[in-house]
Amino acid sequence: MSESLPTLNVAVLGAGTVGSQVIRILGEQANELAARAGARMKVTSVLVRDMAAPRDAQIDPAILTTDADQAIDGKDIVVELIGGIEPARTYVRRALDQGISVVTGNKALLAAHGPELYEAAAASGADLYYEAAVAGAVPVVYGLRESLAGDRITRVMGIVNGTTNFILDSMNTHKVSYEQALAEAQRLGFAEADPTADVEGHDAAAKCAILASLAFHTRVSIADVAVEGISAITAEDMAEAAANGHVIKLLAIAERRLTDDGTEGIAARVHPALIPTGNPLATVAGAFNAVVVEGEAAGRLMFYGQGAGGAPTASAVLSDLVAAAHHRAYGGHAPRESVYAHLPILDAGLTRTRYQMRLQVEDRLGVLADVAGIFSRHGVSIQAVSQHYDSEPGSAIVTIATHTAREADLRAVAQALGKSSAVRRVASTLRVEGE
Ligand code: HSE
């Protein structure tokens, strides 16, 4: 039956971990994929940097090329798996401008230039698909863009970076330092030699921007996301979290909020947070991802699965390919950019949450009163205080949990504590989420 189906020419840009798996599965499951798409998908060019590099999939050397124009021009669908902004942006534009549909896993490109790419796709009638850009195999892009298109989303909160989840999970489970956990993640191939994009939260921020745009029908770029990474998290933070029934996770949170003057807007942020061990996100282990979406009608939904790796990410790319191929053969197109709501992006200082602060203070009369006074002067209400022995002579450790407070007020508290003669140092400030 599939012999009679039309054949579409596919270019794959990048034959690394994901590209190799896409090519392998397209070859091994050609008939089934053709039956689902209603069209055969034939890889007729593969763009690589080095023709002789070893690869995970067997690729006919005749279709390998280092010439991007030759790889892209005249194809039906281009799969972009190079990553980064340039030259990926130029290649994707080249394809879209010719009316060639694009399937990409490039979160950085979408979070920085999504509107431009959407416009190019709409102008030429091409599809732009990017399920693989957020949370690997987990179908959360489709979930927000299509399955939940009938609902009003109020909040998206998730673990969207596997590398940092692996590191934090190792620190929690094996009681190792951040540096030891990072080294293990690098040894196992989860973390890159330069781990900055993952550990400083940039990868998660790009994904947060994409999810926020979809959830709230508003353009949200990576520059709109307030970001804090995990490199300052210590073994002491982990131990204290565990002692209080919490775990620390790097969360991406995008939410619809009302400001004090009643205006509705969006807040998007990525930061480590304490979450109670009973929260389903607390059980997300290793390099797995999970995203909780709250819809006014649907209630709470949780998407969970493998957020990285060759085959899981290829699964997302292939689902997009099947959809794009079907449109190419029979008409129709992917959903266009939906930004009708144009909600304002709220200042991060207006975000309200609970905080937990650990201080090293002078162990002398009146110190707690001084510290409490600083919180009080900035309008931050204390929920609980505990004091612990410190091995450093003359000092004590004080942990303060706050009631819900404004981020800007908490920052002012931290600054004032830093200047106070009662406080030796602010050892950590963590937000509390998911209670
Ligand atoms: N580096 C990412 C992660 C995978 O660790 O989740 C690709 O986005």
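Numbering of ligands and ligand atoms starts at 1, following listing order. Nothing here was measured: the structure is a model prediction, and the numbers come from that model.
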#### Entry: side chain to side chain donor-acceptor pair (under 3.5 Å) contacts in which one or both residues fall within residues 209-220, not counting sequence neighbours
Glu119-Arg219, His217-Ser338, Arg219-Glu337
Output a table of donor-acceptor pairs, distance under 3.5 Å, between side-chain atoms of residues 296-306 and any protein atom two or more places apart or on a different chain; print 'none' if there are none.
from, atom 1, to, atom 2, distance (Å)
Glu296, OE2, Arg152, NH1, 2.7
Arg300, NE, Glu294, OE2, 3.4
Arg300, NH2, Glu294, OE2, 3.3

### Message
Does Gln58, at its CD atom, have more than 12 non-hydrogen atoms belonging to other residues, nucleotides or ligands within less than 6.0 Å?
### Response
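Check fails, neighbour count at 12 or below.
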### Nearest heavy atoms of Leu144 and Ile153, plus distance in Å
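Closest heavy-atom pair between Leu144 and Ile153: CD2-CG1, 4.3 Å.
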## Note on the structure
Contacts for ligand 1, heavy atom under 4.0 Å, by chain and number, are Lys107, Asn161, Gly162, Thr163, Asp198, Asp203, Lys207, Ala308
### Message
So does Asp203 get a backbone contact from the side chain of Lys207, meaning a donor-acceptor N/O pair under 3.5 Å?
### Response
no
### Query
With sequence neighbours excluded, what pairs up with His333 under the side-chain contact (heavy atoms from CB on, under 4.5 Å) test?
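Testing His333 for side-chain contact (heavy atoms from CB on, under 4.5 Å), a comparison that skips the adjacent residues, returns Asp127, Arg336.
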